[in-house]
Number of protein chains: 2
Amino acid sequence: MKLDERHLVQLAAVVQAGGVTEGAAVLGLSQPAISRTLAQLEKRLGEPLFVRGRRPLAPTPLGKALAEHGQIILSASRAASETIDSFRRGTSGVVRVGGSPFFMDGLISRMIAGFQDRYPDVSIEQSYGYLSDLRASLQAGRIDVAVCPVDVLDEGSGLEFREILPGRNVVACSSTHPLLMKRKPTSCDLLEYAWIAPPPGSPLLADLRSILHSLGVAEIKIRFSGGSLASVLNYMTASNALTVLPHSVVFAFRKGGQITALPINIPHPDRSLGLLRLTAAPRIPAVDTFANHVADAFADLGQLIKRHEQAIVWGA
Amino acid sequence: MKLDERHLVQLAAVVQAGGVTEGAAVLGLSQPAISRTLAQLEKRLGEPLFVRGRRPLAPTPLGKALAEHGQIILSASRAASETIDSFRRGTSGVVRVGGSPFFMDGLISRMIAGFQDRYPDVSIEQSYGYLSDLRASLQAGRIDVAVCPVDVLDEGSGLEFREILPGRNVVACSSTHPLLMKRKPTSCDLLEYAWIAPPPGSPLLADLRSILHSLGVAEIKIRFSGGSLASVLNYMTASNALTVLPHSVVFAFRKGGQITALPINIPHPDRSLGLLRLTAAPRIPAVDTFANHVADAFADLGQLIKRHEQAIVWGA
DNA sequence: CAGCTTCATAACAATTTGTTATATTAAATC
DNA sequence: GATTTAATATAACAAATTGTTATGAAGCTG
């Protein structure tokens with residue numbers, strides 16, 4: 001026999017509160033409303049739910065059993081309410097974030113940890129991709145926000161762009177690299193060593209080409225390619241290979257003492273790391289919270305880098 | 001924010017079924033009904049629950065989260081329905097049974113085990129008492145059924161009596177008792193040994209007195225009293241003490257080989273073991289099921305005793 | 001692009017829900 | 001044991017909700 005969820009909830013409230021009047025108060029309803037519900041329930045069931053003509057009100061075994069189900073429903077309903085409230089506050093929900101692999105692995109993943117330290121009820125679903133994929137994912141509603149280097153001129157197409165860090169690359173190497181002995185490495189020196197290529201399709205790969213061009217270097221020895229950041233760092237640590245990496249990523253890993261940047265100036269890409277969101281997308285508070293957290297974290301990082309550079313001067 | 005349980009259920013059905021139409025079918029409703037509910041929910045929340053303009057219908061993270069709560073509600077509701085159906089079939093519920101201690105401990109408790117082997121979803125709450133207490137408990141709705149010896153003439157007072165075994169007592173003793181050596185023990189022999197008194201207030205105690213009277217015995221040595229059946233049996237096993245017990249109880253424990261009955265005839269009490277229920281009480285199917293089970297079990301027991309007596313003749 | 005399926009909207013009838021006012025009934029009190 | 005008090009049941013009514021059918025709009029499929 002099918003019964004109304006609302007009725008079960010009312011029954012549960014009455015049983016738990018120990019009286020019709022009190023139960024009504026718990027639910028914020030009038031006593032006659034509950035009284036009628038109970039009468040109707042008993043009529044439909046053909047079984048009493050309470051021992052009649054006796055106070056305090058005592059449920060029959062059946063009444064008690066049904067009230068337990070009602071209690072579950074009431075709890076679930078309250079949990080749903082809490083879900084909504086917390087969703088609105090941006091302290092719960094799901095944030096689906098996509099981004100370019102090196103930034104995600106090198107910076108964002110740490111920031112996510114810090115974020116969830118503050119907002120443990122927001123779960124993060126991470127995915128990888130470059131600008132065109134990410135744009136498509138945003139538009140298809142597969143992700144809520146993207147973290148990605150974007151050409152400064154690139155704009156429009158319904159995407160909202162929020163810059164969080166100016167583009168700046170460095171030539172990275174193991175912190176025991178022989179070239180670090182030299183005061184001013186030349187372009188020729190760079191040709192001496194093997195290179196790690198950034199992932200195919202990444203802006204870094206394009207940057208690498210333009211760097212080589214600006215240094216007047218024709219070709220380099222690519223020894224390793226296709227690896228994610230962890231592979232690149234490991235490889236670099238255990239070899240004298242060079243690669244081009246975002247300044248911020250190398251900076252973030254300076255604590256490990258394994259890698260560093262060569263003191264050589266290379267041109268800045270006309271590109272900034274930023275947060276991308278769909279302009280037309282519904283505002284999800286948790287995504288706002290997350291975006292703000294990431295932006296703040298990058299602002300802090302920017303400050304840190306600035307202070308660090310006052311001590312150590314990179315390049316010439 | 002408070003939301004309607006019904007709406008959450010409908011949301012859950014849609015998410016689980018993967019479409020409005022399918023969800024409506026699951027709940028036995030029309031598609032527009034669900035469609036309107038969802039529209040209303042989204043309007044009240046100010047947040048989309050589904051990714052619009054896209055098929056197959058995909059819930060947003062919020063929609064999915066709320067649907068999970070709805071699923072819980074739906075399950076609880078179905079469980080409640082099942083509780084009712086099963087209650088009506090008499091295969092679930094609670095049976096509160098009261099009875100005289102020796103019968104409960106000696107016979108009924110075993111029958112409850114057999115009962116629950118067949119009906120595992122019926123739980124039994126057992127309590128003890130003699131006729132007057134039990135009658136009061138029945139009338140107060142504290143128990144659903146009583147198992148108790150009742151004077152054959154005693155009747156009325158809104159109680160329905162169902163006889164399940166004619167009263168018959170025996171003098172019980174350890175199975176190694178010296179009197180068992182004698183072919184025909186006399187009343188004087190009975191005076192030689194210590195006696196265990198049945199619990200105060202029990203019909204057995206009254207029976208004991210009338211037995212002594214009929215045997216022309218004035219007084220006996222009471223050595224032990226106030227014990228429950230387990231104590232009485234243990235005491236008897238470890239001594240040569242005698243007591244008066246229902247024939248059926250001694251019979252039920254014959255398998256243990258520890259106790260038996262003396263071959264001496266004592267008068268039957270004008271009393272029968274029976275099931276008592278309130279005539280006016282609402283019919284609880286599980287109680288019916290239980291009462292029938294107990295009655296059947298006693299019928300079987302009666303047959304067993306009869307066959308057993310054709311082999312072994314008790315008393316003279 | 002036609003055809004099919006699925007979802008959204010409109011309009012309306014029926015039921016349900018909640019309210020206040022009042023009668024009953026069980027417990028408490030003297 | 002009569003009387004008072006607190007709690008529950010009932011009645012009457014207004015408002016909101018729910019469900020229905022009919023129909024329009026929007027995506028997918030071939």
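- Here C:dT5 presents its C1' atom at 10 Å from CD of B:Glu22, a figure rounded to the nearest Å.
- Between its opening and closing five pairs, the helix from C:dC1-D:dG30 to C:dC30-D:dG1 changes axis direction by 50°, a value rounded to 10 degrees.
- Within a 6.0 Å sphere centred on CD of B:Gln16, heavy atoms belonging to other residues, nucleotides or ligands number 12 at most.
- Between the side chain of B:Glu22 and the backbone N or O of B:Val14 there is no donor-acceptor pair closer than 3.5 Å.
- The CG atom of A:Asp4 sits 14 Å away from the P atom of D:dT17 (whole-angstrom rounding).
- A donor-acceptor contact shorter than 3.5 Å links the side chain of A:Ser75 to the backbone of A:Gln71.
- Residues B:His69 and A:Thr83 have side chains that bring a donor and an acceptor to within less than 3.5 angstrom of each other.
- With rounding to whole Å, B:Leu57 atom CG is found 12 Å from C:dT6 atom P.
- B:Tyr128 and B:Asp133 share no side-chain donor-acceptor pair at under 3.5 Å.
- Between B:Ile34 atom CD1 and D:dT17 atom C1' the separation is 14 Å, expressed in whole Å.
- Listed nucleotides C:dT17, D:dT18, D:dA9 differ in distance to A:Ser35; the shortest reach to its side chain belongs to D:dA9.
- Summarising the geometry, the separation between CD on B:Glu42 and C1' on C:dT9 is reported as 15 Å, rounded to the nearest angstrom.
- Ion pair A:Asp4/A:Arg44 not flagged as a salt bridge, since none of the NZ, NE, NH1 or NH2 atoms sits closer than 4.0 Å to an Asp/Glu carboxylate oxygen.
- Residue A:His7 places no side-chain N or O under 4.0 Å from the OP1 or OP2 atom of C:dT16.
- Residue B:Thr21 places at least one side-chain N or O closer than 4.0 Å to OP1 or OP2 of C:dC7.
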Checklist entry - What string of B, S and - do you get for nucleotides 18-24 of chain C, 5' to 3', if B is base contact, S is sugar-phosphate-only contact and - is no contact with any protein heavy atom under 4.0 Å? => result BBBB---
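- Neither side chain, A:Glu160 nor A:Thr279, offers a donor N or O lying under 3.5 Å from an acceptor on the other.
- As a whole-Å value, the separation of B:Lys43 NZ from D:dT17 P is 10 Å.
- Between the CD atom of A:Glu5 and the C1' atom of D:dT18 there is a distance of 13 Å, given to the nearest Å.
- Defined by atom type and a distance below 3.5 Å, a donor-acceptor pair is present between the side-chain atoms of A:Thr37 and A:Gln10.
- With a 4.5 Å cut-off on side-chain heavy atoms, B:Pro101 and B:Ser228 do not count as touching.
- In this structure, the CG atom of B:Leu49 is 15 Å from the C1' atom of C:dC7, given to the nearest Å.
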